[in-house]
Protein chains: 2
Amino acid sequence: MTDIKSDIPRTGGDQAGAGPPAPDASAWGEEALRQGIEMLFFAYRDFTAEPDAILAEHGYGRAHHRVVYFVGRHPGLTVSDLLGMLKITKQSLARVLGQLVQDGLVVSRAGIRDRRQRLLELTGRGIELERRLTERQRTRFAQAFGHAGPDAVEGFRTVMLGLIDEDARQRFEGQDS
Amino acid sequence: MTDIKSDIPRTGGDQAGAGPPAPDASAWGEEALRQGIEMLFFAYRDFTAEPDAILAEHGYGRAHHRVVYFVGRHPGLTVSDLLGMLKITKQSLARVLGQLVQDGLVVSRAGIRDRRQRLLELTGRGIELERRLTERQRTRFAQAFGHAGPDAVEGFRTVMLGLIDEDARQRFEGQDS
DNA sequence: GCATATATGTCAATATGACTGACATAAAAT
DNA sequence: ATTTTATGTCAGTCATATTGACATATATGC
C-alpha cells in the first residue's frame, strides 16, 4: 500500500528559497486528502451507529436524535434556529418535532418578545433520552481525545473548523487557542 | 457563552502527585466533548452538501457517490468488500450499484480465482464522475489541512482514528507517525 | 390603522436510502 | 455429493428528505 507519510508535508520541509507558501497551499497529496475523506465517512458512520440502535427501540430515527440534541444543548431555541442548524426544510422538521412534542419529550412555548416564535425545550423525559443517546457519543470522544492527548485534540479542532462552512464555524468561535 | 478553553486539559497540567493518568482518562469536560460531537455533525453536513448538488443533476444520490468513490479507490473490489465498507444490506446496494452498472459507470467482471465474485471497476465515465464529485471534497480538505498545518493534521488523524471502530481503523494502519 | 413581512404550521405528492424476509443460482469447499 | 458462500432478486415497509401550495398569528413599517 502507498505510504501516507511520504504524502505528508513536514514542518519546515519546504524547498529552499521557494518563498513563503500560501497558508492553504495544497502541498497535500491525493492520498492524504482521500484518507481524510474516508476518515470522516467512517467516523460519522460509526459515531451514529450506537444511538441509532437505541432510537430504533423507541420507533425514532436519527433525525429525532438531532432534534433532542440541539434542543437540549440550546434550551429556548426557536424553530428557525433549529432549521438553520439542521439545514432541512420545516416540513421535514415538522414530522420529527411534532412526534417529540406529542410524545412529551419536547415542549414549545410562545416567545415573550415575539409571540410568533416557538421556544423549544426538553422535558424531563426528553433530557433523559438525550443523555442516553449522547452518552455513547461522549464516551467515544472521551476515549479518542484521551488517547490522542491535548495537542492532537487542538489539531483536530483546527482541522474540523476548517472543514465547516464559515457560518456554522462561528458557533465555535472565541474558543480557539 | 461557556469558555471552552477552561474545559481543555493542558499538557502537563495534572494535579501534583495525582499519579499517572490513564491514557483514555476522561479529563475532558462535557463542553469539549459536545463540541467534538457538533463539529463532526457540521463537518459531515457541509462536506456532503456540494457533491449532493452535482449528484442531483444526474438523478443520483449520496449512495451513488459512496459506491463510485470506493470502487474508484479500490479497483477490483468485490461486492462483499463494498458491503463491508458501507455497512448496508446487499438489497440497498443492489439498487444503486445496478443503476451505475446499467448507466455504464461501473463494470463488474467475474473473479478469476473465485468466479462467484464480482470484481467492480469504474469505466471512463465512472472515473470522470467520481473525480468531479470528490474534487470538491479534496479541495475542502486541502484548504483545511493547509490552513491548519502538518502538526494539526497529524492530531486530526489521531483523533479521527480513535473515533473509528477497530475493524475499519485497520484500513489506515501502518501509516501512523 | 392598514399593508406587508415574518414565524410557524399543515396538506399533498414524491424521491432516496435504508430495512427485513424469502427465495434463486452458480461455484467453491468439504 | 452435500454444504457453504457470493451474489442476485422480488416484495413490502419505514424514515428522511424534498417541492409546492396554502393558512394563521403576530410583528413591523408607513
Side-chain angles (χ1 to χ4, degrees), chain A residues 41 44-45 48-49 51-71 76-103 106-120 133, chain B residues 41 44-45 48-49 51-71 76-103 106-120 133:
Chain A
F41 170 74
Y44 193 79
R45 183 198 65 175
T48 48
D52 282 358
I54 299 173
L55 287 158
E57 296 168 15
H58 295 254
Y60 291 149
R62 197 174 291 180
H64 299 84
H65 186 186
R66 298 202 275 250
V67 169
V68 295
Y69 181 89
F70 283 115
V71 171
L77 191 81
T78 69
V79 171
S80 279
D81 292 338
L82 194 46
L83 288 174
M85 285 189 190
L86 301 176
K87 285 198 185 164
I88 59 174
T89 59
K90 65 178 173 178
Q91 295 92 327
S92 287
L93 176 59
R95 180 181 54 91
V96 289
L97 181 55
Q99 278 180 282
L100 292 168
V101 169
Q102 216 168 357
D103 294 352
V106 172
V107 285
S108 88
R109 55 179 212 280
I112 307 167
R113 291 183 314 190
D114 186 339
R115 288 197 329 217
R116 292 170 303 180
Q117 292 181 329
R118 293 289 173 267
L119 308 186
L120 306 172
L133 291 172
Chain B
F41 170 73
Y44 193 79
R45 183 199 64 173
T48 49
D52 282 358
I54 298 173
L55 287 157
E57 297 169 14
H58 296 254
Y60 291 149
R62 198 174 291 179
H64 298 85
H65 186 185
R66 298 202 274 251
V67 170
V68 294
Y69 181 89
F70 283 114
V71 172
L77 191 81
T78 69
V79 170
S80 278
D81 292 339
L82 194 46
L83 288 174
M85 285 190 190
L86 301 176
K87 285 196 187 165
I88 59 175
T89 59
K90 63 179 174 177
Q91 296 92 326
S92 288
L93 176 59
R95 182 180 54 92
V96 290
L97 182 55
Q99 278 180 281
L100 292 169
V101 169
Q102 217 168 358
D103 295 353
V106 172
V107 285
S108 87
R109 56 179 210 282
I112 307 167
R113 291 184 312 191
D114 186 338
R115 286 195 333 214
R116 291 172 302 180
Q117 294 182 328
R118 294 289 173 266
L119 308 185
L120 306 171
L133 291 171

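Only heavy atoms go into these numbers, but all of them, side chains included; no hydrogens, no water, no symmetry mates. Note that this is a predicted model, so its numbers are computed, not measured.
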> Where the side chain of A/D114 is defined as all heavy atoms beyond and including C-beta, which of D/dA17, C/dA7, C/dG9 is the nearest nucleotide?
Replying inline: C/dA7
> Would you say D/dA15 has OP1 or OP2 under 4.0 Å from some side-chain N or O of A/R95?
Replying inline: no
>> If you go through the side-chain atoms of A/R116, does one of them form a donor-acceptor pair with the base of C/dT6 closer than 3.5 Å?
In response: yes
> Side-chain N or O of B/H64 less than 4.0 angstrom from OP1 or OP2 on C/dG17?
Replying inline: yes
> Just wondering, do A/V68 and A/Y60 contact through their side chains at under 4.5 Å, heavy atoms?
Replying inline: no
> Between A/L93 (CG) and C/dT8 (C1'), how many Å, whole number?
Replying inline: 11 Å
> Is B/D81 reaching over with its side chain to a backbone N or O of B/T78, donor-acceptor style, under 3.5 angstrom?
Replying inline: yes
> Taking for each residue the nucleotide of DNA chain D bearing the nearest heavy atom, is the 5' side occupied by A/Q99 or by B/D81?
Replying inline: B/D81
> So which heavy atom on A/M85 is nearest to which on B/F41, and how close?
Replying inline: O-CE2, 3.9 Å
>> With nearest nucleotide decided by heavy atoms, which residue, B/I112 or A/L97, maps closer to the 5′ end of DNA chain C?
In response: A/L97
> In terms of the nearest nucleotide of DNA chain D, which residue is placed more toward the 5' end: A/R66 or A/K90?
Replying inline: A/R66
> What is the distance, rounded to the nearest whole Å, between atom CG of A/L100 and atom P of C/dG9?
Replying inline: 13 Å
> D/dA6 C1' sits how many Å from B/R113 CZ, rounded?
Replying inline: 14 Å
> Can you check whether B/R62 has a side-chain N or O nearer than 4.0 Å to OP1 or OP2 of C/dA15?
Replying inline: no
> Do side-chain atoms of B/H58 reach the backbone of B/L55 as a donor and acceptor pair under 3.5 angstrom?
Replying inline: no
> Below 4.0 angstrom from OP1 or OP2 of D/dT26, is there any side-chain N or O of A/R115?
Replying inline: yes
> Rounded to the nearest Å, what distance is computed from the CG atom of residue B/L82 to the C1' atom of nucleotide D/dA6?
Replying inline: 14 Å
> Quick one: B/D52 CG to D/dA17 P, roughly how many Å, whole number?
Replying inline: 12 Å
>> Rounded to whole Å, please give me the gap between CG in B/L83 and P in C/dA18.
In response: 11 Å
>> I want to check one thing: is the phosphate of D/dT7, taken as OP1 and OP2, less than 4.0 Å away from some side-chain N or O of B/S80?
In response: yes
> A/Y44 has an atom OH; how far is it from atom C1' of C/dG17, in whole Å?
Replying inline: 14 Å
>> Counting only side-chain nitrogens and oxygens, does B/T89 get under 4.0 Å of the OP1 or OP2 atom of C/dA18?
In response: no
> Does B/Q91 make a side-chain donor-acceptor contact with the base of D/dG12, cut-off 3.5 Å?
Replying inline: no
>> Using whole Å, what does the distance between atom P of nucleotide D/dA15 and atom NE2 of A/H65 come to?
In response: 18 Å
> Going by the angle between their ring planes, with limits at 30° and 60°, are B/Y69 and B/H65 parallel, tilted or perpendicular?
Replying inline: perpendicular
